[in-house]
Structures are given as C-alpha cells and as structure tokens.
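Every chain is numbered from 1, with letters handed out A, B, ... down the list of sequences. Here the structure is a predicted model, which is why all the values come from computation and not from measurement.
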Protein chains: 2
Amino acid sequence: MTRKGPTTVWERFRRFLAGRGLRVTAPRRAIVEAAFATTTHFSADQLLLWARQRDPRVSLATVYRTLGLLVESGLVREIELGGDRKVYDPNVAHRPEHLHLICADCGRIVEFDHDQLGRLLKQVAHELGFEIVSHRLQITARCERLRLTGHCPHHDHHARPSTTRSPRRPEPPHAGA
Amino acid sequence: MTRKGPTTVWERFRRFLAGRGLRVTAPRRAIVEAAFATTTHFSADQLLLWARQRDPRVSLATVYRTLGLLVESGLVREIELGGDRKVYDPNVAHRPEHLHLICADCGRIVEFDHDQLGRLLKQVAHELGFEIVSHRLQITARCERLRLTGHCPHHDHHARPSTTRSPRRPEPPHAGA
DNA sequence: ATAATTGCAAAAGGTTTGCAGGGGT
DNA sequence: ACCCCTGCAAACCTTTTGCAATTAT
C-alpha cells in the first residue's frame with residue numbers, strides 16, 4: 001500500500017488553502033491533524049477537545065470554520081445522523097461513500113460499504129432522471145442476535161440502556177488506556 | 001370498499017388519545033385536521049399557519065406537542081431531510097415507507113418507493129445481523145435532463161422546495177410592493 | 001372537582017457571526 | 001504593510017419546557 005499518513009492529508013489541505021489564497025495557521029494545523037488522528041466519526045466539540053491537546057488556544061468557532069473548509073476541500077464528509085448533532089467523517093479518502101446502520105439497542109453506529117446497494121442507488125436515481133451528487137442511508141435496526149442469544153457481536157462491553165437512539169457519547173478515537 | 005376520508009384519521013387519533021387517557025381538545029383537532037388536509041411534507045411552523053386558519057388560538061408549542069403525539073400514534077412520520085428543519089409526513093397510512101430524492105438544482109423533493117431497493121436494504125441489514133426498525137434514504141442528485149436539455153421534467157413552474165437546503169434564508173415568495 | 005392542556009415566553013443546544021486584536025505572506 | 005484569522009461572546013433557529021390559567025371529563 002502507499003503511505004497515507006496524516007502528512008499527506010495535511011499537504012492536500014495546504015494546497016487547498018493556497019489555491020484559495022487562504023493562510024496556513026497553527027489552529028488550522030492543530031484541528032486538521034486532530035481530525036485525521038482518528039478513523040471514527042466525530043462531532044465538532046469532540047474535535048475541539050482533540051485539537052486543544054495539540055494547541056490549547058483553539059476555539060470552537062475556529063473548529064467550525066475549519067471543518068467547513070475541510071468539507072469544501074472534500075477531505076472530510078459531513079454526516080447528519082441524528083437531528084441535533086452533525087458528525088464529521090475523515091475517511092473520505094479511503095472510502096468514497098459509506099452507509100450507516102444505527103443499532104436501536106445500544107446506539108452503536110456500524111459503518112459499511114455495499115457495492116450492490118451503491119450500484120442500485122445510482123441506477124434508481126438514473127431511472128428518475130437524476131445523477132447522484134451524494135446520498136445518505138441511515139438504517140436504524142435492532143440486533144437480532146442480542147434478542148436471540150442475549151449477546152450482540154456489536155454490543156459494547158458496558159451495556160447502554162436502550163432508551164435513547166442518539167447516545168451523547170460516541171467513543172474515543174484511540175483506546176488510550 | 002373503504003372510506004378513507006379525513007374523518008377516519010381523526011377517529012384513529014381520537015382512539016389513540018382515549019387509550020392513553022388524553023383529552024380531545026380544539027387545538028388538537030385543528031392541528032390534526034390541518035396536518036391531513038395536505039399530502040405533502042410540512043414543517044412545524046407551516047402546520048401552525050394551517051392550523052391557525054381553523055383556530056387562530058393555536059400556538060406553536062401545541063403544534064409541536066401534538067406532532068409528537070401524531071408521531072407516537074404512527075399516523076405521521078417524522079423525517080429529517082435537512083439538518084435544521086424537521087418535516088412531517090402525513091402519508092404514512094398510504095405508503096409504509098418511502099425514499100427521498102432531493103434535486104440539487106431546484107431543491108424539489110421527489111418521493112418514491114422502490115421494492116427492489118427496499119428488499120435489498122432489509123437483506124443488507126440481515127447480513128449484518130440486524131432487523132430494520134426504520135430507515136432513511138436521502139439521495140441528493142442533479143437533474144440530468146436539466147443539464148442536457150435545459151428543461152427538467154421534475155421542475156415545477158414555481159419550484160417550491162419543501163424545506164430543504166435553505167439554511168437560514170427564508171426567502172419571501174413574492175417581492176411585494 | 002380533578003387533572004390534563006394551553007399559550008406565552010424564556011430556555012436549550014448546536015452552529016454561526018460581528019468585532020477588535022493577532023499573525024501569516 | 002495588508003488583510004486574513006482568531007477568540008470571545010452574542011446572535012440564531014428550531015424545538016422544548018416551566019408556569020399559571022383554562023378546560024375536558
């Protein structure tokens with residue numbers, strides 16, 4: 001495989017900035033590096049925390065502003081899974097578009113690709129006379145195995161009361177012990 | 001065969017209320033009747049306007065509260081198409097679940113069913129060990145014909161986006177005197 | 001009579017923006 | 001220097017909620 005370290009992404013963002021006459025700043029660097037230090041979805045305020053580990057002076061406003069640039073540059077995708085909280089996905093480079101399944105039991109988000117489904121989407125849009133710009137598929141589902149065997153392969157160790165469908169706490173990026 | 005007038009829906013809601021020990025009130029009636037007087041998606045404040053045509057005393061708070069009951073009763077579906085504005089769909093009774101295509105050009109929402117796609121969704125969830133509770137598929141797409149011929153078959157005379165990607169610009173319908 | 005319901009207005013909660021000072025080029 | 005960027009806090013916008021009065025049952 002090729003090396004696809006954070007440096008590459010930063011370079012791409014740098015070029016994006018240059019092409020727009022925008023400037024390279026410490027906050028932007030901290031935010032971008034933080035964003036690509038994880039492979040998970042993250043929310044704006046989560047990113048703020050991570051970015052502040054690199055540069056404590058970063059503010060939430062700049063996180064939002066930089067996130068906007070990252071989305072515009074195509075390096076990050078904005079996903080609206082719940083209604084209240086947007087999450088951002090730094091995996092655009094590796095996977096063009098993926099689908100989301102949200103467990104109604106534990107709130108866990110299972111991210112996956114499905115070629116056949118993707119092709120069908122494209123075809124359906126075509127039938128209607130459209131060309132897909134982007135799509136969002138969100139399946140809310142109940143874990144069959146949990147019901148049948150009492151054990152869910154996707155279920156977290158610390159079980160979460162299945163009351164809410166949008167857990168306020170996704171999980172930390174790296175299990176840092 | 002069956003009469004499917006608005007009365008039926010109201011009756012069903014009435015029964016839902018009774019079953020919960022809730023009361024039948026004028027605001028609720030105005031709101032529910034307004035909700036089912038259309039076949040389109042609507043937002044909460046749109047519904048407020050319609051409800052007020054039947055009973056000017058209705059407040060936005062009660063619209064939201066009643067909308068919650070309608071969703072719980074299964075008579076109306078809540079859809080989050082954009083991120084900021086929820087829309088509600090009174091067509092649940094006629095079509096169990098439909099998919100949404102949003103035109104990137106005019107903002108129009110094309111609502112459709114697709115058996116094959118629906119089946120595939122179910123199958124995909126199954127492969128992952130889940131049973132679908134609900135799903136949301138939103139395709140943002142550009143009208144091919146509009147680009148090729150300058151004319152879009154789905155383009156309305158007065159394109160009225162049902163609340164889509166107008167973030168914070170409530171543009172007035174007509175520039176009045 | 002009793003308790004659910006309502007309207008009002010203020011609160012909430014995530015995201016955006018105005019402004020004056022800081023900093024990249 | 002020039003003017004883009006930043007942090008702070010206030011503004012925004014839709015949805016929710018506390019409260020006292022109202023009203024269905």
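- At whole-Å resolution of the value, CG in A/L69 and P in D/dT6 are 9 Å apart.
- Residue-to-nucleotide proximity on DNA chain D shows that, of B/D45 and B/R23, the 5′-proximal contact is made by B/D45.
- Nearest heavy atoms, B/T39 versus B/N91: O-ND2, 3.0 Å.
- Ring orientation note: the planes of B/F13 and B/W10 are tilted relative to one another, at an angle of 30° to 60°.
- Proximity of A/S59 to the phosphate of D/dT6: no side-chain N or O atom is located under 4.0 Å from OP1 or OP2.
- Residue B/R65 has no polar side-chain atom (N or O) positioned under 4.0 Å from OP1 or OP2 of C/dA4.
- Nucleotide D/dA11 holds its C1' atom 15 Å from the OH atom of A/Y64, rounded to whole Å.
- Of the two residues near DNA chain C, B/A61 and B/V24, the one whose nearest nucleotide lies more 5' is B/V24.
- Between the CG atom of A/L67 and the P atom of C/dT16 there is a distance of 9 Å, given to the nearest Å.
- Atom pair B/R85:CZ and D/dT16:C1' shows a separation of 17 Å (rounding to whole Å applied).
- A close approach under 4.0 Å does occur between a side-chain nitrogen or oxygen of A/T25 and OP1 or OP2 of D/dT6.
- Residue-level contact check: B/L60 touches the bases, meaning some heavy atom is under 4.0 Å from a base atom.
- Side-chain atoms of A/T66 come within 3.5 Å of backbone atoms of A/T62 as a donor-acceptor pair (strictly under, hydrogens ignored).
- Phosphate proximity of C/dT6 to B/R57: absent, as no side-chain N or O sits under 4.0 Å from OP1 or OP2.
- Distance, A/K86 NZ to C/dG13 P: 18 Å, rounded to whole Å.
- Between the side chain of B/R142 and the backbone N or O of A/E131 there is no donor-acceptor pair closer than 3.5 Å.
- Taking atom CD1 on A/I31 and atom P on D/dC5, their separation rounds to 13 Å, with Å as the unit.
- Relative ring orientation between A/F42 and A/W50 is described as perpendicular, the plane-to-plane angle rising above 60° on a 0-90° scale split at 30° and 60°.
- Separating the CZ atom of B/F42 from the P atom of D/dT14 is a distance of 17 Å, rounded to the nearest angstrom.
- Remark: C1' of D/dC5 and CZ of A/F13 are 12 Å apart, rounded to the nearest angstrom.
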